[in-house]
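To start, the structure itself, in structure tokens.
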Amino acid sequence: MSSHDLKPRDISKKTDQLVHIDPAELPKLPYPYDDWVDPVIEELSEAKKKKRDVSLDGVTNVDVPVPETDEEKEALVAKFLDGLRKLLSKENNWTFLQPLMLSLDNCVKCNTCSNACPIYNESGRIEAYRPLFRSDVLRRIVNKYLKPGGKLTAKFTGADIDLNWETVARLAQMSYRCTLCRRCAQTCPMGVDNGLLSREIRKLFSQELGIAPQELHADGTIKQLETGSSTGITPFALADLMEFMEEDITERTGLNIKMPFDKSDADILLIHNAGEFLSWPENIQAFAIIFEAAGLKWTMSSDLVGYDSVNYGLFYDDAQYVKVTLKHADIAKKLGVKKVVLGECGHASKSMMAIGDRTWLSESNIPRESAMVTLKDIVLNGKLKIDPERNNFPCTLHDPCNLTRAMGIIQPQREVLRKIAPQFREMTPHGVENYCCGGGSGFAIMQSHNFPQWRNMISGRRKFAQILNAFTREEIDPGVNKYVCAPCSNCKGQIRDMINYYDAWEKCHLQYGGLVEMVVNGMTDVPEGFIEWDDFH
Amino acid sequence: MQAVQIITYASVGIAIIAMLVKVFRYATAPEHMRWELYPVPHEKGKAEYGGSYLEELDWWTQERHKDTFNELKEMASEILLLKGVFHHNRTVWTWSLPFHGGLYLCVGWLVLLLIGGIMTAAGAAVGAGAGVIGQIVHYLTVFCGYAGLFLSGLGALGLFFWRLTDSDQRKFNSPMEYFNLVFFVAVAVVGLIAHLTLDPSFTALRAYVNSLVTAGAFNSPGMLFTVELVLMSLLIMYIPLTRMSHFVAKYFLYHSVRWNDTPNERGSKLEQRVLELLQMKVGWSAPHMHPGKSWGEAVTMDEKEANRE
Ligand code: SF4
Ligand code: SF4
Ligand code: SF4
């Protein structure tokens, strides 16, 4: 069967691999990638396949162990059904029961959402990646196995799926072939949200079966709650890093800045995605330079979890996500700051300001603001001396879905760019209708097996094309410095990986980074050249 | 009382109960986490580009201006013109617009019939030769009836063929999808023929409604007319039992989820409700969920300790 003819009920088919990705069927990329052909997705070794199920598409980013006996298979299915019941119960899923019921009950199967999904379209329209496909598999299982008389009416209502262990394993994988970007939901005339449904499936697997991607759970939230950060940075290691950071600022700018920590008289608690400390220290430095120059009374926290705004629970597990966000809230309360400012991280902003808003309760309900807003105030109200000519290179802006679609923070970052970057131009489409970078919902940090290839080739493909299209042929030339401004740590990770995968540093001299780096690059109090054009990392 | 009257009473009764159950289920679902999706039309001055109050410096110190007019405008263009489908799925819109427009007219038609039925039960005349109100009710009934039946039937037919011929669609259609549309077409066709041949000015139908209001006797002008009454009654019952009653759900989908950006304030009722929900017991099995504990306890335990246990 071809990957394009699949019907929802085929999900339970007993085959080694249900769909096959054919690189020749992927949409063409723009200049200078007209002749680009992706390599075939690397197959997992037999030894690896024995340990984990890859029967959906030969790819894996969540390990579902392969049951050995029929009893084990049945137990897995029974446990899945238990989980599904819990997902639909008030006690166990009060956090999202209403949106879940609404999205399960009301899809009219019009397929309007299909055109909006970058993953489905950039895969060459593989059925199993279609937003409606995944949701409809879940819906059909609910209708057949949990609704009274479901089996009796199954033929008529189309609830025709046989729930076997293959279905369960593939459903788990399918929920991780969606970045939760919710672009599909925006176009759904009913208001049904396939992104939400993917997340609910992920929750079921994590909360009932203990199945979740290692990077999100064991090396993600669990590690963060135990050691302070999913990067493994402990409060102790943080002190060392900061020392290095201060030296680096002096070396690069001549400025002597003492990184403020745990200041009891600060107005602002600034929390970064700790990934920045290791991968993009210039972002942390730029924040410090700007906040100091603007005369803000600010601090960071060295408390466990307080220096890492990451909250991977947001992507797969309500309990883990609330545990982490409550830690953030407690730390803000303890410091007694007037507000928390979220650094350049889309999902962290969303977790503390929108989705997690209702978990910052009573005394811990300290107001939170996105750094985009704080920066706009600083830059547009003349609190810094900026020479836009220093940023006179072609530059475009990537909109993190979490900031735009999920929070409505659209203009502040643009107003800053319009003020400081003469050659700023938009991607098409942008703002609230943007495309995800392809690294959403934790994808950007998932580095195991053949998943990174899938991510760069498929989930990020549309964004990569959008980036290329933002520049003219002349500008694409490697002789011209150009910049993709991505004010989100996860998105930066994904954009970096794509530039590497497509060899775009060599081919186009495409540089990427955050917004604060551009602000500092334009500051006249700082020597020229904060953005280092020849250092790609 | 005749069988057809009993069918209508039962159908309307079941429909009302089913609808109430649906509303009750959605309305009593617990307070959930925020999950809004921009653009949110009540964001004053920002809805146009999808912005929110979170774009403001120290947003919690600013007064929130809700643009109710824009929200109503958005709802109106969604309900009346199917704006979303127009922008994102033109093929479906081409048929969905007459279908929904026809259904709205049919609802108007039923309401007018009810008004006419009550009027005649009260002794007032309704018809071409009646007083001003009687005439208005009469002509509007005729217009809404024919236009409604025609447009809904046409739209349903178009949607039926779209489902049948679009290869993407066909993968997802169940017999129910086809049946639902055929049901609408059947009601429209039977209704149109029955009225054109047996009851062109809807007098008999009004008399039927009158008989329902007064629990009185009723004489059908012909077999086809009775068939129409039965079909229509069954359709009224069937709609709320399926997702075709999405107009109920859509209210919640938009107001409680997609546009619900109400911030949590200290000491608010919302905060109180969440605090109460945190008392519920966790039933999930994975160890990190701490089954058996309350949600409040499970999310505030010392994780290092808990994981060592
Ligand atoms: S989710 Fe919405 S857009 Fe997609 S098929 Fe269902 S109703 Fe249509
Ligand atoms: S949320 Fe995004 S990735 Fe997931 S199905 Fe919808 S459009 Fe596709
Ligand atoms: S990684 Fe960035 S673009 Fe992608 S979903 Fe997250 S915020 Fe959106």
Side-chain angles (χ1 to χ4, degrees), chain A residues 7 86 90-92 94-99 101-102 105-106 108-112 132 136 155-158 182 185-187 189-191 196 206-210 225-226 319-320 322-323 326 353-355 357-358 360-362 365 367 369-370 373 377 404-405 407-412 431-432, chain B residues 26 29-30 32-40 43 46 49-52 54-57 60 82 84-85 88-89 92 168-169 171-177 243 246 249-250 252-254 256-258 263-264 266 270-271 274-275 277 280-281 283-289 298-300 303-304:
Chain A
K7 295 197 181 74
K86 290 176 191 172
K90 185 173 161 179
E91 301 72 43
N92 288 302
W94 57 273
T95 42
F96 281 97
L97 182 64
Q98 194 192 42
M101 287 193 310
L102 288 163
D105 295 349
N106 294 293
V108 292
K109 304 187 191 178
C110 65
N111 260 315
T112 307
L132 173 60
D136 224 38
K155 278 237 152 58
F156 179 63
T157 60
R182 300 174 73 204
Q186 239 173 7
T187 66
M190 291 293 116
L196 173 101
S206 175
Q207 298 178 183
E208 185 66 10
L209 292 96
L225 289 164
E226 287 195 357
Q320 293 301 91
V322 177
K323 285 177 199 174
L326 287 184
M353 293 176 64
I355 319 264
D357 180 41
R358 292 170 187 170
W360 288 50
L361 300 162
S362 317
N365 191 351
E369 177 174 286
S370 157
V373 177
D377 174 57
T404 54
R405 221 178 337 269
M407 297 174 72
I409 299 177
I410 320 277
Q411 286 303 334
V432 83
Chain B
Y26 292 139
H32 55 80
M33 298 290 112
R34 263 169 75 174
W35 193 254
E36 75 257 36
L37 183 67
Y38 291 88
V40 171
E43 292 292 344
K46 294 173 180 287
Y49 63 85
S52 77
L54 297 175
E55 286 188 330
E56 297 301 311
L57 187 76
W60 53 94
L82 313 180
V85 201
H88 302 293
N89 198 338
V92 169
D168 270 359
Q169 271 320 119
K171 293 172 198 150
F172 295 93
N173 296 333
S174 62
M176 187 175 75
E177 261 85 42
R243 57 153 196 275
H246 53 241
K250 215 165 157 176
F252 292 97
L253 275 159
Y254 279 74
S256 306
V257 185
R258 206 167 159 163
N264 171 28
R266 274 192 208 178
L270 196 151
E271 180 186 272
V274 174
L275 285 168
L277 290 165
M280 285 193 293
K281 285 257 175 304
W284 294 100
S285 306
H288 72 269
M289 298 299 294
V299 293
T300 49
E303 284 300 303
K304 250 189 188 160

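Lettering follows sequence order; numbering is per chain, from 1.
For a residue to count as touching a neighbouring chain, one of its non-hydrogen atoms must lie under 4.5 Å from one of that chain's; by this rule Asn106(A) touches chain B with backbone and side chain alike. Contacts between Met280(B) and chain A at a heavy-atom distance below 4.5 Å involve the side chain alone, from C-beta outward. Only the side chain of Leu270(B) comes within contact range of chain A, with heavy atoms under 4.5 Å apart. Only the side chain of Leu326(A) comes within less than 4.5 Å of a heavy atom in chain B; its backbone stays farther off. Contacts of Glu56(B) with chain A are made by backbone atoms alone, with heavy-atom separations under 4.5 Å and no side-chain atom involved. For chain B, the nearby parts of Thr187(A) are the backbone and the side chain; heavy atoms of each come within less than 4.5 Å. For Ser206(A), the parts sitting under 4.5 Å from any heavy atom of chain B are the backbone and the side chain alike. Looking at Tyr26(B), both its backbone and its side chain come within 4.5 Å of chain A, counting heavy atoms on both sides.
The two atoms that bring Lys281(B) and Asn92(A) nearest to each other are O-OD1, 4.3 Å, heavy atoms only. Nearest approach of Lys250(B) to Met190(A), heavy atoms of both residues: CG-O, 3.8 Å. In terms of heavy atoms, Gln98(A) sits closest to Ser256(B) at OE1-CB, 3.3 Å. Of all heavy-atom pairs between Val274(B) and Arg358(A), the closest is CG1-O, 3.4 Å.
A side-chain contact (heavy atoms from CB on, under 4.5 Å) with Pro189(A) is found for exactly one of Val85(B), Asn89(B), Val92(B), Leu82(B), namely Val85(B).
The cationic atom of Arg182(A) (NZ for Lys, CZ for Arg) lies less than 6.0 Å from the six-membered ring centre of Trp35(B) and within 45° of the ring axis.
Looking only at side-chain heavy atoms (C-beta outward), Asn111(A) and Phe172(B) come within less than 4.5 Å of each other.
One distance of note links OH of Tyr254(B) with CG of Leu102(A); it measures 12.0 Å at 0.5 Å rounding. With rounding to the nearest 0.5 Å, the separation of CZ in Phe96(A) from NE2 in His32(B) is 8.5 Å. Atom OG1 of Thr95(A) sits about 6.0 Å away from atom CE of Met33(B), to the nearest 0.5 Å. Within the model, atoms CG of Asp168(B) and NZ of Lys109(A) stand 14.0 Å from one another, a figure rounded to the nearest 0.5 Å. Residue Leu132(A) holds its CG atom at 8.0 Å from CD of Gln169(B), rounded to the nearest 0.5 Å.
Among Leu225(A), Val322(A), Asp105(A), Leu97(A), the residue making the largest number of heavy-atom pairs under 4.5 Å with chain B is Asp105(A). Heavy-atom pairs under 4.5 Å with chain A peak, among Val40(B), Asn173(B), Leu275(B), Leu277(B), at Leu277(B). Annotation: maximal heavy-atom pairing with chain B below 4.5 Å, among Ala185(A), Pro367(A), Ala319(A), occurs at Pro367(A). Most heavy-atom pairs under 4.5 Å with chain B: of the set Pro412(A), Gly210(A), Gly158(A), this distinction falls to Pro412(A). When the candidates Thr157(A), Val432(A), Asn365(A) are compared by the number of heavy-atom contacts under 4.5 Å with chain B, Asn365(A) comes out ahead. Between chain A and the residues Gly51(B), Pro30(B), Pro39(B), Ala249(B), the most heavy-atom pairs under 4.5 angstrom are made by Pro30(B). For the options Tyr38(B), Trp60(B), Phe252(B), heavy-atom pairs under 4.5 Å to chain A are most numerous at Tyr38(B).
Between the side chain of Asp377(A) and the backbone N or O of Leu57(B) there is no donor-acceptor pair closer than 3.5 Å. Formation of a donor-acceptor pair under 3.5 Å by the Arg266(B) side chain with backbone atoms of Ser362(A) is found in this model. Not one N or O on the side chain of Gln411(A) forms a donor-acceptor pair closer than 3.5 Å with the backbone of Glu55(B).
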Checklist entry - For Lys323(A) and His288(B), what are the C-alpha separation, side-chain angles and deciding distance, and is it a side-chain contact (heavy atoms from CB on, under 4.5 Å)? => result CA-CA 11 Å; Lys323(A) 285 177 199 174; His288(B) 72 269; 4.2 Å; yes

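Side chains of Lys86(A) and Ser285(B): a donor-acceptor N/O pair is present below 3.5 angstrom, by distance only.
In terms of the side-chain hydrogen bond (donor to acceptor under 3.5 Å, both in side chains) criterion, residue partners of Gln186(A) (sequence neighbours excluded) are, by chain and number, Arg405(A).
Asp357(A) has a carboxylate O that lies under 4.0 Å from a charged side-chain N of Arg34(B), or vice versa, which qualifies the two as a salt bridge.
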